Amino acid sequence: MELSKHSAERIVREINEVLPQKINLMNKKGIIIASTDAARIGEFHGAAYKIIRDGIDEIRIYHDNEYPGTRPGTNFLLRACGEPIGVLGITGSYDTILPIAKVIRKMTELIVTDHELVRMESRREAMRVRFLTDFLLRSGSVVTGDFYQQGLEMGIDIRKKWRVMAVMVHAPEASESTRAEAAQTAQQLLQRAYPSFIVCSMAPYFIAVLTKARDDDWMHSMAMDIRRLIASEMSADSTIGIDMPAEDPVHMQEAWNCARKALESALRRTNTPVKFYSEINMEIFADEVPDASKLKYIQRIFSGYTLQELHDVLSMLELFYENNGSVTKTAAKLYIHKNTLQQHLKKIAARTGYDPRSLSGSAIFYIVIYFYHDLIDAGYEQ
């Protein structure tokens with residue numbers, strides 16, 4: 001374990017805000033890496049070097065250069081988690097500093113230990129994230145005996161049957177930073193609320209939630225619980241996609257891809273907050289169609305339409321299909337008479353050659369709506 005220059009500088013600042021004594025912090029090589037006297041940083045401190053080399057607890061200095069680079073004061077061996085990490089030097093006569101020397105030493109060791117524990121926890125979390133990311137993105141190539149053992153050391157048994165949800169939190173009018181912060185906050189919230197779950201951030205703004213394998217009814221109920229928790233604690237909405245269960249750990253990559261695609265499909269519909277991969281259909285192959293081909297398809301069906309006309313017509317048709325082709329329900333939500341809606345639908349049929357009320361026509365317009373949302377998300381314009 002090493003006392004880093006960054007940590008040492010923070011410690012000197014924190015102690016100096018409370019106590020006025022001049023102090024130095026030396027690393028294991030006896031080099032001053034932080035000091036209330038900036039001019040001494042980088043100098044060799046002979047007493048500190050001897051303390052580390054010989055395992056001495058304390059050396060008092062009475063005269064300048066009694067050891068190379070020293071001044072009157074007392075130098076103490078510092079330990080963190082039981083291990084020597086450096087030396088604390090307090091300048092001044094021993095009788096003067098003695099009343100508070102032990103306090104400063106203990107404060108320094110506590111701060112160092114705290115910083116080290118935070119650093120170790122941060123490193124453990126980074127290792128955990130890398131492990132889970134590999135498990136969900138590259139399971140087919142990384143799941144081996146060693147990988148399994150690595151998981152056990154983190155408390156994760158990958159050989160159990162798992163199910164996975166992809167969660168996205170919607171921060172109102174979110175910028176790039178606030179969306180990331182919302183995802184991080186939600187991750188911490190879910191980890192506290194569901195300690196038996198495995199929760200991990202997945203770039204860019206997704207959260208993966210792994211649970212022991214359960215049936216679809218249980219998964220849907222839990223997804224709704226998660227949404228309610230996020231709404232209650234964060235005042236934010238969320239959308240969740242649920243996987244197609246993996247046969248074994250090697251196929252968890254496929255399960256995650258299914259959950260993510262289900263989430264992306266749900267995001268296209270404002271009234272679908274939770275969606276299973278088994279519920280998506282056309283999306284399975286439509287994502288393979290190039291954007292340029294999607295644009296050409298829309299232009300062919302809606303030849304002669306302006307951008308505004310296209311937007312208005314597709315918004316109306318989307319609502320029409322969300323209400324299972326009910327003219328009465330759709331007209332009510334549009335605040336128009338049902339006869340007016342019928343006229344709009346007939347006009348679409350006349351201009352495009354496809355009747356949105358027919359089975360074949362609805363299939364065509366459903367594809368157009370799907371492609372249109374894809375292009376809008378990608379920043380395309382007609």
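Just so it is clear, the model here is predicted, and its values are computed rather than measured.
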Enquirer: Please answer whether the main-chain N or O of Glu247 pairs with a side-chain N or O of Lys161 as donor and acceptor at a distance below 3.5 Å.
Expert: yes

Enquirer: Report the residue from Glu318, Lys333, Lys329 that forms a side chain to side chain donor-acceptor pair (under 3.5 Å) with Asn323.
Expert: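 In the set Glu318, Lys333, Lys329, the residue that makes a side chain to side chain donor-acceptor pair (under 3.5 Å) with Asn323 is Lys333.
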
Enquirer: Using side-chain heavy atoms (C-beta onward) and a distance below 4.5 Å, is Ser326 in contact with Asn324?
Expert: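 The answer is no; the side chains never approach within 4.5 Å.
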
Enquirer: Is it true that Ile41 and Leu78 fall in one hydrophobic cluster, defined by side-chain heavy atoms closer than 4.5 Å?
Expert: no

Enquirer: Cluster question for you: counting only ILVMFWY and a side-chain heavy-atom cut-off of under 4.5 Å, with indirect links fine, are Leu77 and Tyr67 together?
Expert: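 Yes, Leu77 connects to Tyr67 through the hydrophobic network.
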
Enquirer: Could you grab the distance from atom CD of Glu264 to atom CZ of Phe206, nearest 0.5 Å is fine?
Expert: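 Going from CD on Glu264 over to CZ on Phe206, the span is 5.0 Å.
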
Enquirer: How close do Asn27 and Ile52 get, heavy atom to heavy atom, and via which atoms?
Expert: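 The answer is O-CG1, 4.4 Å.
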
Enquirer: Is it the case that the side chain of Gln253 and the backbone of Leu136 share a donor-acceptor pair, with hydrogens and angles ignored and the cut-off at 3.5 Å?
Expert: no

Enquirer: For Thr330 and Met316, which heavy atoms make the closest approach, and how far apart are they?
Expert: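 The pair with the smallest heavy-atom distance is CG2-O, 4.4 Å.
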
Enquirer: In terms of ring plane angle, is the pair Phe44 and Tyr49 parallel, tilted or perpendicular, where the classes change at 30° and 60°?
Expert: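 Plane angle between 30° and 60°, so tilted.
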
Enquirer: Which heavy atom of Cys200 sits nearest to which heavy atom of Gln187, and what is that distance?
Expert: CA-NE2, 4.1 Å

Enquirer: Between Met165 and Val274, is any pair of side-chain heavy atoms under 4.5 Å apart?
Expert: no

Enquirer: Between Tyr372 and Phe365 (judged by ring centroids, cut-off 6.0 Å), do the two rings come close enough to count as a pair?
Expert: no

Enquirer: With the 4.5 Å side-chain cut-off for hydrophobic clustering, are Tyr205 and Leu229 part of the same group?
Expert: no

Enquirer: Hey, what do you get for CD1 (Ile11) to CD (Glu9), rounding to the nearest 0.5 Å?
Expert: 10.5 Å

Enquirer: Any link between Trp162 and Ile240 through a network of hydrophobic side chains (Ile, Leu, Val, Met, Phe, Trp, Tyr) touching at under 4.5 Å?
Expert: no

Enquirer: Can any side-chain N or O of Thr185 pair as donor or acceptor with the backbone N or O of Glu181 at less than 3.5 Å?
Expert: yes

Enquirer: Could you go step by step and tell me if Asp237 and Arg227 meet the salt bridge (charged side-chain N to carboxylate O under 4.0 Å, His left out) rule?
Expert: CA-CA 7 Å; Asp237 197 10; Arg227 293 191 71 250; 2.4 Å; yes

Enquirer: Between Lys50 and Ile56, is the side-chain contact (heavy atoms from CB on, under 4.5 Å) condition met? List the steps.
Expert: CA-CA 7 Å; Lys50 180 176 178 61; Ile56 301 171; 3.8 Å; yes

Enquirer: Test side chain to side chain donor-acceptor pair (under 3.5 Å) on His220 and Asp217 and set out the steps.
Expert: CA-CA 5 Å; His220 185 273; Asp217 288 342; over 6 Å; no

Enquirer: Around Lys5, counting heavy atoms of other residues, nucleotides and ligands shown, do more than 12 lie under 6.0 Å from its NZ?
Expert: yes

Enquirer: For Ser362 and Pro356, work out which heavy atoms get closest and say how close.
Expert: CB-O, 3.9 Å

Enquirer: For Val143 and Pro249, work out which heavy atoms get closest and say how close.
Expert: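 For Val143 versus Pro249, the nearest heavy atoms are CG2-O, 3.9 Å.
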
Enquirer: Ignoring hydrogens and angles, tell me if any N or O in the side chain of Thr352 forms a donor-acceptor pair with the backbone of Ile348 under 3.5 Å.
Expert: yes

Enquirer: Between Glu254 and His251 (side chain of the first, backbone of the second, donor and acceptor by atom type, cut-off under 3.5 Å), is there such a pair?
Expert: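 Not confirmed, Glu254 side chain does not pair with His251 backbone.
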
Enquirer: Got Arg40 and Arg71 here, is their nearest side-chain heavy-atom distance under 4.5 Å?
Expert: yes

Enquirer: Given Leu267 and His373, is the side-chain contact (heavy atoms from CB on, under 4.5 Å) satisfied, shown in steps?
Expert: CA-CA 10 Å; Leu267 289 171; His373 283 299; over 6 Å; no

Enquirer: Run the numbers on Arg163 and Asp215 for salt bridge (charged side-chain N to carboxylate O under 4.0 Å, His left out), then give the verdict.
Expert: CA-CA 9 Å; Arg163 294 203 65 176; Asp215 61 29; over 6 Å; no

Enquirer: Side chains of Asp312 and Gln308 only: does a donor on one sit below 3.5 Å from an acceptor on the other?
Expert: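 There is such a pair between these side chains.
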
Enquirer: Show your working on salt bridge (charged side-chain N to carboxylate O under 4.0 Å, His left out) between Arg13 and Glu17 and close with a plain yes or no.
Expert: CA-CA 6 Å; Arg13 286 197 303 271; Glu17 287 177 0; over 6 Å; no

Enquirer: Thr211 versus Met219: any side-chain heavy-atom pair under 4.5 Å?
Expert: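 Yes, side chains in contact.
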
Enquirer: Applying the 4.5 Å side-chain criterion to the ILVMFWY set and letting contacts propagate, would Val87 and Ile85 be lumped into a single cluster?
Expert: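 No, Val87 does not connect to Ile85 through the hydrophobic network.
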
Enquirer: Using the side-chain contact (heavy atoms from CB on, under 4.5 Å) rule, take Asn16 and Ile23 through it: C-alpha gap first, then chi angles, then the decisive distance, then the call.
Expert: CA-CA 8 Å; Asn16 205 231; Ile23 59 175; 5.6 Å; no

Enquirer: Could you label the plane-to-plane angle of the Tyr305 and Phe302 rings as parallel, tilted or perpendicular, counting under 30° as parallel and over 60° as perpendicular?
Expert: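 Tyr305 vs Phe302 ring planes: perpendicular.
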
Enquirer: Tell me if a side-chain donor or acceptor on Glu279 pairs with a main-chain N or O of Lys275 at a distance below 3.5 Å.
Expert: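 Answer holds: no.
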
Enquirer: Less than 4.0 Å between a side-chain N and a carboxylate O, is that true for Arg128 and Glu125?
Expert: yes

Enquirer: List the steps and the verdict of side-chain contact (heavy atoms from CB on, under 4.5 Å) for Leu137 and Met202.
Expert: CA-CA 10 Å; Leu137 298 183; Met202 301 290 287; 3.9 Å; yes

Enquirer: Indicate the ring-plane relationship of Phe371 and Tyr297, choosing parallel, tilted or perpendicular according to the 30° and 60° boundaries.
Expert: perpendicular

Enquirer: May I ask you to decide if Met168's main-chain N or O and Thr239's side chain share a donor-acceptor pair within less than 3.5 Å?
Expert: no

Enquirer: Does the salt bridge (charged side-chain N to carboxylate O under 4.0 Å, His left out) test come out yes or no for Asp57 and Arg79, once each step is laid out?
Expert: CA-CA 10 Å; Asp57 189 65; Arg79 294 181 175 86; 3.6 Å; yes

Enquirer: A side-chain contact here means heavy atoms from C-beta on lying under 4.5 Å apart; do Leu25 and Leu88 qualify?
Expert: yes

Enquirer: About how many Å separate CG of Asp248 and OG of Ser139, when rounded to the nearest 0.5 Å?
Expert: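 If we round to the nearest 0.5 Å, Ser139:OG and Asp248:CG are 8.5 Å apart.
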
Enquirer: Distance from Ser221 atom OG to Ile226 atom CD1, nearest 0.5 Å?
Expert: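 The distance works out to 10.0 Å.
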
Enquirer: Would you find a donor on one side and an acceptor on the other, under 3.5 Å apart, between the side chain of Trp256 and the backbone of Thr133?
Expert: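 No, Trp256 side chain to Thr133 backbone: no donor-acceptor pair under 3.5 Å.
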
Enquirer: Taking the six-membered ring for Trp, are Tyr321 and Tyr366 closer than 6.0 Å centroid to centroid?
Expert: no

Enquirer: Side chains of Arg124 and Met154: closer than 4.5 Å at any heavy-atom pair?
Expert: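 The answer is no, as the side chains (C-beta and beyond) never meet within the 4.5 Å cut-off.
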
Enquirer: What do you reckon, is CD of Gln184 surrounded by more than 12 foreign heavy atoms closer than 6.0 Å?
Expert: no

Enquirer: Rounded to the nearest 0.5 Å, how far apart are CG of Leu263 and OH of Tyr277?
Expert: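 Here the rounded value is 14.0 Å.
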
Enquirer: Within this structure, what is the NE2-CZ distance for the pair His344 and Phe320, rounded to the nearest 0.5 Å?
Expert: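 One finds 13.0 Å between NE2 of His344 and CZ of Phe320.
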
Enquirer: Check whether any side-chain heavy atom of Arg351 lies under 4.5 Å from a side-chain heavy atom of Glu309, and answer yes or no.
Expert: yes

Enquirer: Which heavy atom of Asn24 sits nearest a heavy atom of Met26, and at what distance?
Expert: CB-SD, 3.6 Å

Enquirer: Are Leu210 and Met252 close enough that some pair of their side-chain heavy atoms sits under 4.5 Å apart?
Expert: yes

